[in-house]
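Report on the structure given below.
Bear in mind that the values here come from a model prediction, so they are computed numbers and not experimental data.
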Amino acid sequence: MSDMPIFAFILLGILLFAFAAISFFFFLYDHRDKYYRYEDDELVTGKDFFCEFRRFGGAENRQTCLKLIYAGGEKAKLYYSDTDESSLRKRKKAYDVPKEAVDRLKEIYQEHCIPVLADSPEMEEAAPDVPTESVCFAVAEDKESYLVSNRRELPEKSRGLFHEVEELLVSYVPQRHHKKSTRKE
């Protein structure tokens, strides 16, 4: 009869330990962006870099794509394409951009911890009249990539990611070649 309280205390200790371990796991999961190691990330440390911004669908049904490809050196290649709502006119241009654009995109990649954002859950409901925006980061165009879209549940601090990337890339496209974004903030 005296063994019952000892057994209860042991069982209570095991349950408290299990609860603490589960709580610690969820704490680490919620804060994994602070523990991501960029030293091991080839996208940050390697010489090749690929970034693509896309906007499509929505009420205007306009498609825009900005694709930056960097393979080392002082210049990167930026490809811009835009199709209007009638799909009759499609603009495609290629531009040389300085390496500073690549460096700034790598900073954005780190600031928003893109590998963690890419694992964010999909939104249950998305407005059909709002265009889909996505940003893809990769070592090279055909390598493993991280894709983040506005159809995911993103933390408040990362909701401006798409605007930051688009604004940076569009700044290298001459004004006469692109339409101003009609995006509502």
Side-chain angles (χ1 to χ4, degrees), residues 28-58 61-83 90-128 130-173 178 181 183:
L28 288 178
Y29 184 77
D30 286 343
H31 295 86
R32 65 191 187 272
D33 60 327
K34 292 175 181 58
Y35 301 107
Y36 188 80
R37 296 180 49 124
Y38 292 104
E39 304 86 42
D40 301 334
D41 192 335
E42 189 180 352
L43 212 140
V44 173
T45 60
K47 83 170 178 98
D48 294 337
F49 183 82
F50 171 83
C51 179
E52 180 179 57
F53 170 83
R54 285 185 172 270
R55 178 185 298 116
F56 56 92
N61 197 27
R62 190 171 147 206
Q63 298 178 18
T64 303
C65 178
L66 293 151
K67 187 185 304 184
L68 182 128
I69 300 173
Y70 177 71
E74 292 302 312
K75 298 275 185 191
K77 203 67 157 168
L78 176 64
Y79 299 94
Y80 169 79
S81 68
D82 188 37
T83 305
K90 188 171 195 169
R91 289 177 285 283
K92 283 187 171 182
K93 297 285 180 182
Y95 305 97
D96 286 328
V97 298
K99 185 179 181 304
E100 290 81 37
V102 175
D103 295 338
R104 178 62 189 129
L105 284 168
K106 286 182 179 185
E107 289 172 11
I108 291 172
Y109 174 84
Q110 289 181 0
E111 287 171 17
H112 292 281
C113 198
I114 298 299
V116 171
L117 288 183
D119 288 338
S120 299
E122 294 284 331
M123 294 175 89
E124 290 182 23
E125 292 183 28
V130 175
T132 299
E133 296 177 326
S134 66
V135 175
C136 177
F137 289 91
V139 173
E141 195 169 3
D142 56 349
K143 299 281 184 170
E144 181 181 344
S145 63
Y146 298 108
L147 177 70
V148 179
S149 80
N150 64 344
R151 303 294 187 197
R152 294 192 176 271
E153 294 179 13
L154 301 176
E156 188 70 35
K157 70 175 187 144
S158 294
R159 294 201 178 130
L161 166 70
F162 309 104
H163 183 67
E164 280 182 66
V165 171
E166 178 188 24
E167 194 174 81
L168 174 68
L169 294 176
V170 164
S171 70
Y172 293 101
V173 177
H178 73 86
S181 171
R183 179 174 181 237

Euclidean distance, Glu52 CD relative to Cys65 SG, rounded to 0.5 Å: 4.0 Å
From NZ (Lys67) to SG (Cys136), nearest 0.5 Å: 9.5 Å
Side-chain heavy-atom pair Val170, Thr64 within 4.5 angstrom cut-off: no
Ile114 CD1 to Ser145 OG distance, which is reported to the nearest 0.5 Å: 11.5 Å
Glu74 atom CD: more than 12 heavy-atom contacts under 6.0 Å: no
Centroid-centroid under 6.0 Å between Tyr146 and Phe137 rings: no
Gap between atom CD1 of Ile69 and atom CZ of Phe50 - 0.5 Å precision: 5.5 Å
Lys92, NZ: over 12 other non-hydrogen atoms inside 6.0 angstrom: no
Atom of Asn150, atom of Phe162 and distance for their closest heavy-atom approach: N-CZ, 3.3 Å
Heavy-atom donor-acceptor pair, Arg54 side chain to Ser134 backbone, under 3.5 Å: no
Check: Val102 and Leu68 side chains under 4.5 Å, non-hydrogen atoms: yes
Polar side chain donor-acceptor pair, Glu164 to His112, under 3.5 angstrom: yes
Minimum heavy-atom distance between Lys77 and Asp96, given as atom pair plus value: NZ-OD1, 3.1 Å
Non-hydrogen side-chain atoms of Lys93 and Tyr79 separated by less than 4.5 Å: no
Student check: side-chain heavy atoms of Phe49 and Leu105 closer than 4.5 Å: yes
With sequence neighbours excluded, residues passing side-chain hydrogen bond (donor to acceptor under 3.5 Å, both in side chains) with Lys99: Asp103
Atom of Asp82, atom of Arg62 and distance for their closest heavy-atom approach: OD1-NE, 3.2 Å
Value rounded to 0.5 Å, distance of CG in Leu161 from CZ in Arg152: 12.5 Å
Residue pair Val148 / Leu117: nearest heavy atoms and the distance that separates them: CG2-CB, 3.9 Å
Glu107: side-chain contact (heavy atoms from CB on, under 4.5 Å) partners, not counting sequence neighbours: Arg104, Glu111
Electrostatic pair Arg151:Glu122 at N-O distance under 4.0 angstrom: no
Nearest non-hydrogen partners of Gly73 and Tyr70, listed with the distance: O-OH, 2.7 Å
Residue pair Glu153 / Ser120: nearest heavy atoms and the distance that separates them: O-CB, 3.5 Å
Donor-acceptor contact present, side-chain Ser158 to main-chain Pro155, <3.5 Å: no
Under the side-chain hydrogen bond (donor to acceptor under 3.5 Å, both in side chains) test, residues paired with Asp48 that sit two or more places apart: none
